[in-house]
Amino acid sequence: MANATSTHTHTGTSQPQLNYLTENTSLKDWLTTIDHKRLGLMYLAAVMAFFFVGGALALLLRLELLTPKQDFMDSATYNKVFTLHGAIMVFLFIIPSVPAALGNFVLPLMLGAKDVAFPRLNLASFYVYCLGAIMALAAIIGGGVDTGWTFYTPYSTTTDGPVGLMAMAVFVLGFSSIFTGINFVATVHKLRAPGMGWFQLPLFVWGIYATALIQVLATPVLGITAVLMVMERAFHIGIFDARLGGDPVLFQHFFWFYSHPAVYIMILPGMAIISEIIPVFSKKTVFGYRAIGFSSVSIAFIGFLVWGHHMFTSGQSDLASAIFAFLTYLVAIPSGIKIWNWLATMYQGSIEMRTPMLYAMSFLLLFAIGGLTGLYLGAISVDIHLHDTYFVVAHFHYVMMGGTVIAFLGGIHYWWPKMFGKMYNEKLADIACWIIFIGFNVTFLNQFMMGSQGMPRRYWTYLDEFQRYHIGSTIGSWILGFGLVMAAGVLLSSLRKKEYDAGDNPWGSRTMEWETISPPITHNFEGQPVLRHGPYDFRVEPTPATVAGGRH
Amino acid sequence: MSTHHTDSHHDTGHHLHGGPKVYGVVLAALLTLTIITVVASKIDFGSASANVIIALIIATIKATIVALWFMHLKYDKPVNGMIFASTLFFLALFFAYPYIDTNSRTDVKPSNWKGPAYMPDSGSAVRGIGANFPVAPAPPPPGAKPAEPAAKH
Amino acid sequence: MSSHAITADHEAHGHGHHDPNLQHHFAEMGQQFECSKIGMWLFLATEVLLFGGLFVGYGLMQGQHPEAFKSAHHHLDWRMGALNTIVLLISSFTMVMAVWSAQTNNQKALIRNLILTIGCACTFMVVKYFEYSHKYHEGLLPGAFYSYTGPHQNAEFVFFSFYFMMTGLHGIHVTAGIVVLCYLLYRAKQGAYNSSYYTPIDLTGLYWHLVDLIWIYLFPLFYLIS
């Protein structure tokens, strides 16, 4: 039934229709494009390149940790490498990953729009991202930074190295993120297809919308925090330096005012992808549409209220810690709502275990583990024990990697046929997914165990009794790395196909991006598409791509 | 597309609001409030915080006037006002938490602590600045407190 | 204004008559205008939070060193601050009048009001220059550069750190505003804006009022604490 709608409108005519990939293909056309689809692909390539770099750094770290003695990195190098791993993964990969890459590509298509609201701002966002990336690379080449990605004072204001440049890179990257956010909010407000109200939006749009709100409201504070830190470092302005009467804990407040909501910049788009994949492969209307939509917005909101749970051991007052701990538990409510709604969607659905669905299943398991271990860390007394151990490392990797990255991969597999019109080898992709899932768990379950026994994070050496966990974790990282390379290989090898063989709607989805041909034409749709059915209305036949054509 | 004659406004169907008279009155009100805030700062309202609060209230009235009339929020689509209001909400939140924290901390300073040093260590001198820094704080003016109070007020 | 009504429809996928200012992905001018406005308000939101970080820092540091802040503010001349407040308020008025002139198709008044706004903005910067150079000569500078030798309290340099960061960032915004306003003036002289298309004037106006609005708070916080 998945192939029931793969009528090739474009192959039906004698001349192959030009699409966004084949029209105007010079390098200049690509570099100056304001087409959201091309920008999405450019972002995809860029974030994937940095994912590769960050992943390679992670493998190096794991290799060094294979034995408790110094193998090939000294402690200073180790500090720089884990800082770079964190900074690259957070600022250059995961924050722009789903919104800027997939969101850019899919969001206007889902709304039936020709482009995002401000296409030139979108292009600017990409180049600002590139500028920030170059600054970050310059900081790496100029000696590297050893502060950790959090830049905590007083260390960051006193250590040597190009910390200022790295902080300014973060400042610049923040602007890229802001531009994307502004664009998406305005697009969702004003460029919905006729007939598409707020509650006919696909849930991916709800998730991206909530993400964009955080990007707009939180990121400027990161910018000013970076500036203040650099000012303190360069001019001793006296805000964060206790010797001058300042308050180092204030830096943590400033930093986490952005960076905790940023955690939801990372996970909400992942949840958004899962909300698309699960109903499509269960062939069933999503359970609790409004609950999922509103839970996205409420996660975004509550995400602003809980930042102090990163600071339980920092010298923050007990009163503040108690308030933050209490509010932290509130996040579990909308997250739980989502999980149960996804499960209820699958209940009695006719589930097809295609590759994207396999990733969605992995997400559910891994995110549940990551989310539930977060409850331990949200409890003050337990957190005192677990703070700055590998338990924390494992927890946020389960959420960020097991949650967002797995969902991102699922999303790439889901929209790949739409992006390139070509289907990958699903059997191999499934195997890659399994390898990633196994490798991930081997890597990080070990870290939960050693963390709960007191193995501190960010150390290049450790007590002998932790070695068995470290060996397990390092072997897991190899499996995980192999799985990721394999998944990339499977996807990229599909591009060698000569024909567009994927069909316009290979999964039988009901959202609007599937109502144009694959790959889409430059203006997305022939004319203005009109909403004909809900995004998850599987009682009706999907609208074929031909119907959208010729409409005005 | 332009269906109606447009010496009034563009084709969104909006109607014109405001106008020189309204804006003139608004400007006069803003200038008056500026004078009031200067005068109020010269009056002692009992405590320093009372004066700050009064000054901020007047500033907020001015800001509201600017937002409603000059920035057209009074006549605009509610969504723009909502964006602005939620921004102010998050700003308040941003201030409130660190404020609660710094005012409810248990003082854990060492018993021999004598206030902040107000001088750089050699580390900053290495970076070439700090020469201008008041290494030995100048004697405080008569009547002022000898040093920054160590405990929170 | 009917020039756009006779514009030929070049686009193959057109929907009747096109305003030349209408971008291809919008259905009509109203949608484009409202969309731009939402975008601008979101940008203003980011500006508020950018300054907000400094305001929060100022507020908390003022709580740490109340005496030092009080004594430091005597180095600022409230008359200069008040003058700049009045100048900025007047510029806000001329800016909103520029928007009104565009809305009512009054080209002459549009150009006049833009020039007046730019004039006020430059006046503001000139006053700011005199204030800054006075502080510079006295050594009332931020952080480690603070070298004032007269009687002062320990943490006064923190006050001047914030004074220079906040008024400096504000000054950067005023300067950026001047550049944008000059561009608008250049375009307005070409007759680019009229009652059916004045989005850039309107958006710049919003930005300009926000710059004014931030100054409305900076003035009492720095010049009038007592």
Side-chain angles (χ1 to χ4, degrees), chain A residues 154 157-160 164 182 185-186 188-190 213-214 216-218 220-221 224-225 232-236 238-239 241-247 249-258 260-261 297 300-301 303-309 311 314-324 327, chain B residues 12 76-110 113-135 137 140 145-153:
Chain A
T157 53
T158 49
T159 182
D160 288 323
I182 289 178
V185 174
V188 174
H189 272 276
K190 282 289 156 209
L213 286 179
I214 309 177
V216 170
L217 288 171
V221 175
I224 204 69
T225 307
E232 183 72 89
R233 194 179 153 81
F235 304 136
H236 303 275
I239 177 173
D241 191 341
R243 291 170 309 171
L244 307 177
D247 183 357
V249 178
L250 195 57
F251 175 83
Q252 300 187 22
H253 278 298
F254 272 57
F255 180 79
W256 288 112
F257 179 87
Y258 165 76
H260 192 75
V297 179
F301 177 74
F304 276 95
L305 307 178
V306 301
W307 77 78
H309 65 218
M311 300 166 54
S314 69
Q316 169 181 248
S317 81
D318 294 345
L319 175 66
S321 290
I323 297 171
F324 279 125
L327 291 171
Chain B
T12 58
D76 214 344
K77 295 251 155 142
V79 62
N80 296 327
M82 275 157 63
I83 292 170
F84 198 52
S86 61
T87 309
L88 298 179
F89 171 79
F90 284 109
L91 187 58
L93 197 69
F94 181 27
F95 181 75
Y97 269 138
Y99 185 80
I100 292 172
D101 172 29
T102 47
N103 285 290
S104 61
R105 263 185 224 162
T106 323
D107 212 332
V108 287
K109 294 186 175 88
W113 195 74
K114 294 195 176 62
Y118 296 116
M119 66 179 78
D121 66 350
S122 54
S124 55
V126 168
R127 272 197 288 278
I129 58 166
N132 301 332
F133 215 86
V135 174
K145 289 186 187 169
E148 208 53 32
K152 296 280 176 301
H153 42 279

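All of these numbers come straight from a predicted model, not from anything done at the bench. Chain A is the first sequence line, chain B the second, and so forth, proteins listed ahead of strands; every chain is numbered from 1.
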Okay, A/V221 and chain B: the region with an atom under 4.5 Å from a heavy atom over there is side chain
Looking only at heavy atoms, the pair that brings B/I100 and A/S317 closest together is O-OG, 4.4 Å
Can you say whether A/F324 sits under 4.5 Å from chain B via the side chain, the backbone, both, or neither, judging by heavy atoms?
side chain
For chain A, which residues of residues 88-97 of chain B have at least one non-hydrogen atom nearer than 4.5 Å to it?
B/F89, B/F90, B/L93, B/F94, B/Y97
For A/F257, is it the side chain, the backbone, both or neither that has a heavy atom under 4.5 Å from a heavy atom of chain B?
side chain
For A/L305, which atoms come within 4.5 Å of any heavy atom of chain B: side chain, backbone, both, or neither?
both
To check you understand the geometry: which heavy-atom pair defines the closest contact between B/S104 and A/L319, and what is its length?
OG-CB, 3.8 Å
Using every non-hydrogen atom in the two residues, find where B/D101 and A/H253 come nearest and quote the distance to one decimal.
OD2-NE2, 2.6 Å
State, yes or no, whether a side-chain contact exists between A/V249 and B/R105 at a heavy-atom distance under 4.5 Å.
yes
Please look at A/D247 and chain B and tell me whether the side chain, the backbone, both or neither of the residue comes under 4.5 angstrom of a heavy atom of that chain.
side chain
Measure the NE2-NZ distance between A/H189 and B/K77 for me, rounded to the nearest 0.5 Å.
12.0 Å
